[in-house]
Each structure stands twice: as structure tokens, then as C-alpha cells.
> 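One structure, as C-alpha cells, below. Some questions next.
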Amino acid sequence: VGIIWWILLFALHNKRDEYQLCQFIVGFQTAKFFSQGWLSLIRGAFSYYLCANQKFPTCDVSGPRVNEYGDVVGFLFQIILVWLTFFILPYSEPCYQVER
């Protein structure tokens, strides 16, 4: 769901507007910091706590781990999308203030 959301946002942004491209990059990286950073840390620590405090620890089977293909593909997609936006930036136009 997250990947589809960011594809939709990328498609809807005006690629010729420098401000919108920068806003997309900053928003994307901020969301990634919270979703893959803090939330993953909390989820991983809680999963490890649950598996390590069982009568017979089974962390090697049911502990916190990365889904081999789904997470890697999603992570690579995020990197590619941000770099693609960076490569488009030099071809964009600065946002000028509208005079009244």
C-alpha cells in the first residue's frame, strides 16, 4: 500500500516545479524515517522481547527478521524513486512568487 501511495504522489506532482519536487523528497524521507526507522525499531524490539522471554526461546524461527524479497524490493524501489526525483531537479524551474 505504501509503495502505491508514493507512486501516486510522484505521478501527481508537477515535475517542472522545483518546490514540488523538493517537497516530495523531504516528505518521502520523513515518512521513511518514521515508518522504517522508529516503527520498525519498536516492532523489532517488541518481537525480540516476546521470542526471547518464552520458556523455550525460538528467536531463530519466530524472531524479528526481514521478509527476504518483499522488504528488499520495497526498499530498493524507495531508493530509486528518490534518486529519480533528484535527477529531475536540475530540469525543473524555480517557484517564483506571484505578484498581486
Side-chain angles (χ1 to χ4, degrees):
V1 173
I3 293 174
I4 296 169
W5 169 253
W6 288 107
I7 290 174
L8 180 67
L9 279 181
F10 181 74
L12 293 176
H13 276 94
N14 183 2
K15 311 297 183 297
R16 293 171 40 199
D17 186 2
E18 182 182 48
Y19 175 78
Q20 287 189 21
L21 292 174
C22 290
Q23 190 66 26
F24 175 78
I25 292 170
V26 170
F28 190 88
Q29 294 296 81
T30 303
K32 192 167 85 168
F33 172 75
F34 284 109
S35 66
Q36 290 182 347
W38 285 103
L39 295 179
S40 293
L41 172 71
I42 292 168
R43 185 181 62 189
F46 186 69
S47 297
Y48 180 74
Y49 176 79
L50 289 178
C51 77
N53 288 322
Q54 294 178 357
K55 189 171 185 175
F56 300 105
T58 60
C59 292
D60 58 338
V61 178
S62 64
R65 61 185 181 273
V66 175
N67 182 359
E68 293 177 11
Y69 299 110
D71 289 345
V72 171
V73 170
F75 184 71
L76 289 176
F77 171 77
Q78 292 175 357
I79 292 172
I80 291 169
L81 190 62
V82 168
W83 278 105
L84 176 67
T85 309
F86 271 119
F87 288 135
I88 294 172
L89 262 176
Y91 305 104
S92 64
E93 300 171 1
C95 183
Y96 296 106
Q97 183 177 4
V98 178
E99 295 183 24
R100 296 177 192 213

> Would Tyr19 end up clustered with Val26 when hydrophobic side chains under 4.5 Å apart are linked, directly or stepwise?
no
> Roughly how far, to the nearest 0.5 Å, is the CD1 atom of Ile79 from the CG atom of Leu84?
13.5 Å
> What is the minimum heavy-atom distance between Gln20 and Asn14, and which atoms define it?
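Heavy atoms of Gln20 and Asn14 come nearest at OE1-N, 2.7 Å.
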> Flag yes if more than 12 heavy atoms outside Phe77 fall under 6.0 Å of its CZ atom; otherwise flag no.
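Correct, the count exceeds 12.
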> Classify the ring geometry of Trp38 against Phe33: parallel below 30°, tilted from 30° to 60°, perpendicular beyond 60°.
perpendicular
> Same cluster for Phe24 and Phe87 if Ile/Leu/Val/Met/Phe/Trp/Tyr side chains link at under 4.5 Å?
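Per the 4.5 Å side-chain linkage, Phe24 and Phe87 are co-clustered.
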> For the atom pair SG (Cys51) and CZ (Phe56), what is the distance rounded to the nearest 0.5 Å?
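Taking SG in Cys51 and CZ in Phe56, the distance rounds to 15.0 Å.
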> Same cluster for Leu81 and Leu89 if Ile/Leu/Val/Met/Phe/Trp/Tyr side chains link at under 4.5 Å?
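Yes; Leu89 is reachable from Leu81 via cluster members.
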> Quick check: closest heavy atoms across Ser92 and Asp17, and the distance to 0.1 Å?
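Looks like CB-C, 4.2 Å.
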> Measure across Glu18 and Pro94 and return the closest heavy-atom pair with its distance rounded to 0.1 Å.
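Closest approach of Glu18 to Pro94, heavy atoms only: OE1-CA, 3.4 Å.
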> Answer yes or no: is there a side-chain heavy-atom contact under 4.5 Å between Trp6 and Gln78?
no
> Please give me the minimum heavy-atom distance between Gln29 and Val82, naming the atom from each residue.
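Nearest heavy atoms, Gln29 then Val82: OE1-CG2, 3.7 Å.
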> Under 4.5 Å between side-chain heavy atoms, counting indirect links through other Ile/Leu/Val/Met/Phe/Trp/Tyr residues: same cluster for Leu50 and Leu39 or not?
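No: no chain of side-chain contacts under 4.5 Å links Leu50 to Leu39.
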> Under 4.5 Å between side-chain heavy atoms, counting indirect links through other Ile/Leu/Val/Met/Phe/Trp/Tyr residues: same cluster for Tyr48 and Phe46 or not?
no
> Lys15 and Phe10: which non-hydrogen atoms are nearest, and at how many Å?
NZ-O, 2.5 Å
